[in-house]
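When a residue number appears, it is its place in the shown sequence, counting from 1. All heavy atoms count here, side chains included; hydrogens, waters and symmetry mates do not.
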Amino acid sequence: MRLELQVGLGAGELRSLQGWLRADPVVRRSVVVGVRGGVPGPGDMGTVLDVLELVTGNGWSAASFVLAVAAWRQSRPQRPQVEIRRGETVIVLAEGSEEEIARAVRALEAVGGDEGGDR
C-alpha cells in the first residue's frame, strides 16, 4: 500500500517527520519512507520537499503508524497538521485527540483492506 504525507509548516517539519518515522522500530519494520520533491519556485535552489511517500509491507499496523505520527506531532512546538493520503482517501491529524487518532486508524485499516492497483 502506498501512502503520502504532507505536513503544514514546511519542508523542515516534513524532514523531521521522516527522521522520526525512520527511527521508530515498529514503523521501520513495515514501512519504507521516501521523499518526493516538487518543482522549485522562483528563487529556490534545488527541489522543494513536498511529500513523504510511504510503502507498507508485511506486518503493517495502521495503529502503530498513526500513533508514531501523533507522537511526532506532540513533540513539535507548533504541532503541525499532517495530511495522510491513499488514493482518494484523505486523513487529517490536526488536534491529536484520541477520537481523531481512532478515526485515522479506522480509515487506514479500511483502505488497507482494499487491494487496489497502488500496491
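- Residues L52 and V33 meet the side-chain proximity criterion, which asks for heavy atoms closer than 4.5 Å.
- Exactly one of V55, L54, V32 qualifies for a side-chain contact (heavy atoms from CB on, under 4.5 Å) with R2. That residue is V55.
- Counting only heavy atoms from C-beta outward, the side chains of V69 and L5 approach each other to under 4.5 Å.
- With sequence neighbours left out, E88 forms a side chain to side chain contact (heavy atoms under 4.5 Å, CB included) with no residue at all.
- Panel note: side chain R28, backbone L21; no donor-acceptor pair is recorded below 3.5 Å.
- The minimum heavy-atom distance between L9 and P80, with the atom names listed, is CD1-CB, 3.6 Å.
- Partners of P77 under the side chain to side chain contact (heavy atoms under 4.5 Å, CB included) rule, at least two apart in sequence or in another chain, do not exist in this structure.
- At distances below 3.5 Å, not a single donor-acceptor pair connects side-chain atoms of R86 with backbone N or O atoms of L3.
- In this structure L67 satisfies the side chain to side chain contact (heavy atoms under 4.5 Å, CB included) test together with I101, sequence neighbours excluded.
- Other residues sharing a hydrophobic cluster with V90 under the 4.5 Å side-chain heavy-atom criterion for ILVMFWY residues are V92.
- One N or O on the side chain of W20 and one on the backbone of A68 form a donor-acceptor pair closer than 3.5 Å.
- Listed by chain and residue number, R36 satisfy the salt bridge (Lys or Arg N to Asp or Glu O under 4.0 Å) test with E53 (two or more places apart in sequence, or in another chain).
- Annotation: side chain of F65 is in contact with side chain of I84 (closest heavy-atom distance under 4.5 Å).
- Counting only residues at least two apart or on different chains, the salt bridge (charged side-chain N to carboxylate O under 4.0 Å, His left out) pairs with a member in residues 54-83 are E13-R76, E83-R85.
- Atom CD of Q74 has more than 12 neighbouring heavy atoms from other residues, nucleotides or ligands inside a 6.0 Å radius.
- Here the closest heavy-atom approach between residue A104 and residue I91 is recorded as CB-CG2, 3.5 Å.
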Check against side chain to side chain contact (heavy atoms under 4.5 Å, CB included), Q81 and L93 | CA-CA 6 Å; Q81 176 175 298; L93 297 176; over 6 Å; no

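- Every residue was checked against the side chain to side chain contact (heavy atoms under 4.5 Å, CB included) condition with S30, not counting sequence neighbours, and none meets it.
- Checking side-chain atoms of E100 against main-chain N and O of A94 turns up a donor-acceptor pair under 3.5 Å.
- Between V7 and L17 the shortest heavy-atom distance is CG2-CD2, 3.7 Å.
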